[in-house]
A.B. asks: 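Below is the structure I would like to discuss, written out as structure tokens.
Residue numbers start from 1 in every chain, and the chains themselves are labelled A, B, ... in the order their sequence lines are given, proteins ahead of strands. Quick note: numbers below take in every heavy atom, side chains included, and nothing from hydrogens, waters or symmetry partners.
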Protein chains: 2
Amino acid sequence: MPPYDPSAFPPFAVTVDLVVLTVRSHSLCTLVVRRGETPFRGRWALPGGFVRADEDLGAAAARELAEETGLRAHDPGAPHPVPDHGAHLEQLATYGAPERDPRMRVVSVAHLALAPDLPAPRPGGDANSARWAPVEELLDQARAAGDDSPDALAFDHAQILSDGVERARSKIEYSSLATAFCPPEFTVGELRRVYEAVWGVSLDPRNFHRKVTGTPGFLVPTGGTTTRQGGRPAQLFRAGGATLLNPPMLRPEV
Amino acid sequence: MPPYDPSAFPPFAVTVDLVVLTVRSHSLCTLVVRRGETPFRGRWALPGGFVRADEDLGAAAARELAEETGLRAHDPGAPHPVPDHGAHLEQLATYGAPERDPRMRVVSVAHLALAPDLPAPRPGGDANSARWAPVEELLDQARAAGDDSPDALAFDHAQILSDGVERARSKIEYSSLATAFCPPEFTVGELRRVYEAVWGVSLDPRNFHRKVTGTPGFLVPTGGTTTRQGGRPAQLFRAGGATLLNPPMLRPEV
DNA sequence: GATCATAGTCGTCTTCCTGACGATAAACAC
DNA sequence: GTGTTTATCGTCAGGAAGACGACTATGATC
């Protein structure tokens, strides 16, 4: 089979960028790394890198995630849920404006990862340093200072982050995805605090408890209890097999 | 600024593929073109093509859509809705498995377009011919005959089509997107038949009427009436400004 | 022109879900 | 013990949806 005519199409570089979200001290945080190279040297950016020649897009995202955080990604397409507790990873969207990278044509396939609270990030790859930053802070900076401010994220990463956060906010409404922010065993209160942090609202503990325990297949009790949040001991649960929440959890109007 | 080191990343070709959906004679249909070139010569495929060197991804999708159907795409990011009746166009997902194209590494950014019923497609580009095919027929063939059957879609297009249909099915639940399948003025019954065709169910006309007319901003009456569906004359409506449907339209369990 | 078929529109009733909130339970700190 | 914190159960009113009856206005058929 003859190869394609190389003049028929221009060459592109393809990268993956990661929006890694977690909940730390009651606020939604994302992983950012400081760029050590031009362009945008010294600015914060989402972790990411080039897709290798024989690598699938999802595999590239999983590799970058492991390099930056040590997390193993769950493959949503796997026939059985992976028993150990890795991160949820899904494709978010693809960004390919011609001038988004000043040096050449780069198309970036952004991915969204949701992880339970992690120890401080281990710097790796081309990053001088890495940190968990509250998303509100990052997005407010981009809105207030403009994209050219030294506090703003590099490239179009503010847009990618914004899209990723919106995806997470809407997806926990109608799926069990919020459990991806929790450790393997968790209490109803811990799950409620995840919703509160992601949505930036406060929820009625009694109605929330009724909703999540009344949805078949959403939570399965492990039998244990814990007092790690203080107060009366709470039942421990694992995520059940149900992935869709029907009817959905309603996000309160602001 | 020095260019990137070319050895740091492998070259990719980037294409856009289109899932163009419409409702014809009470069933959900998609546009497919017959391939005139290897690979998969003679097989049906989704329309698409290479992204040009200075072209944004959305612009490439809009260009391909216009070439294949003559439709102009609405830009969802535009500050005001475009008054004329083009198609809804949005990015769907990106497919980049290393062997998805046998000749070289191709990453395809799939887009989803929703259009009102159109005249027979005009063949264009590299397609020998084009047709509207019922999606159930196409997907059943892929499932029954396997991907190597001559009836199956080329490349991974059965997967892309399946993802696009699922996106459309879920998105009309909580948005006013179903109006994109309708002409500029339409009746409640015509809108209901769109939902019925996309979901493959039948809906109660009375409850549907109550739901869509009771949601503020969803439909605005034009004052006219029509009897083009037979029976009692029905009020004509245009799509209102509301894009989100809250609470959502509930898809009946199968 | 009467009858019929077709489609549209308005109501009613029951059931389910949610939001608001009272009350009780079981731990810890002092 | 008292107070504080968190968890859990229960009650009640309001809203939305499913099921379905009733009526209306057109064109088609006899």
A.B. asks: Is the phosphate of C:dG8, meaning OP1 or OP2, less than 4.0 Å from a side-chain N or O of B:R192?
C.D. replies: yes
A.B. asks: When you check the phosphate oxygens OP1 and OP2 of D:dT8, does a side-chain N or O of A:H209 lie under 4.0 Å from one of them?
C.D. replies: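 Yes, such a contact exists.
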A.B. asks: In whole Å, I'd like the distance from the CZ atom of B:R206 to the P atom of C:dC13.
C.D. replies: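 Rounded to whole Å, this separation is 15 Å.
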A.B. asks: Do any side-chain nitrogens or oxygens of B:R210 fall under 4.0 Å of OP1 or OP2 in D:dC20?
C.D. replies: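 B:R210 to D:dC20 OP1/OP2: no side-chain N or O under 4.0 Å.
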A.B. asks: Side chain of A:T187 only, please: which of D:dA7, C:dG8, C:dT18 is the nearest?
C.D. replies: D:dA7
A.B. asks: Which residue, B:D204 or B:L250, contacts DNA chain D at a nucleotide closer to its 5' end, judged by nearest heavy atom?
C.D. replies: B:L250
A.B. asks: Going through the checks in order, is the ring-ring contact (aromatic ring centres under 6.0 Å, His included) test met by A:F186 and A:F237?
C.D. replies: CA-CA 5 Å; A:F186 55 88; A:F237 294 88; 7.2 Å; no
A.B. asks: Rounding to an integer number of Å, can you tell me how far A:N207 CG sits from C:dC16 C1'?
C.D. replies: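 It is 15 Å, rounded to the nearest whole Å.
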A.B. asks: Please determine, for the side chain of A:P233, which listed nucleotide (C:dA27, D:dA7, D:dC20) has the closest atom?
C.D. replies: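 Among C:dA27, D:dA7, D:dC20, the one nearest the side chain of A:P233 is C:dA27.
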A.B. asks: Report the nucleotide, chosen from C:dT9, C:dA27, D:dA17, that has the shortest atom-to-atom distance to any side-chain atom of B:K211.
C.D. replies: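 It is D:dA17.
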A.B. asks: Pick the closest DNA chain D nucleotide for B:G231 and for B:P248 by heavy atoms, then say which residue is nearer the 5' end.
C.D. replies: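 Residue closer to the 5' terminus by nearest nucleotide: B:P248.
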A.B. asks: Counting the atoms with a prime plus P, OP1 and OP2 as sugar-phosphate, which does A:R228 contact under 4.0 Å by heavy atoms, base, sugar-phosphate, or nothing?
C.D. replies: nothing
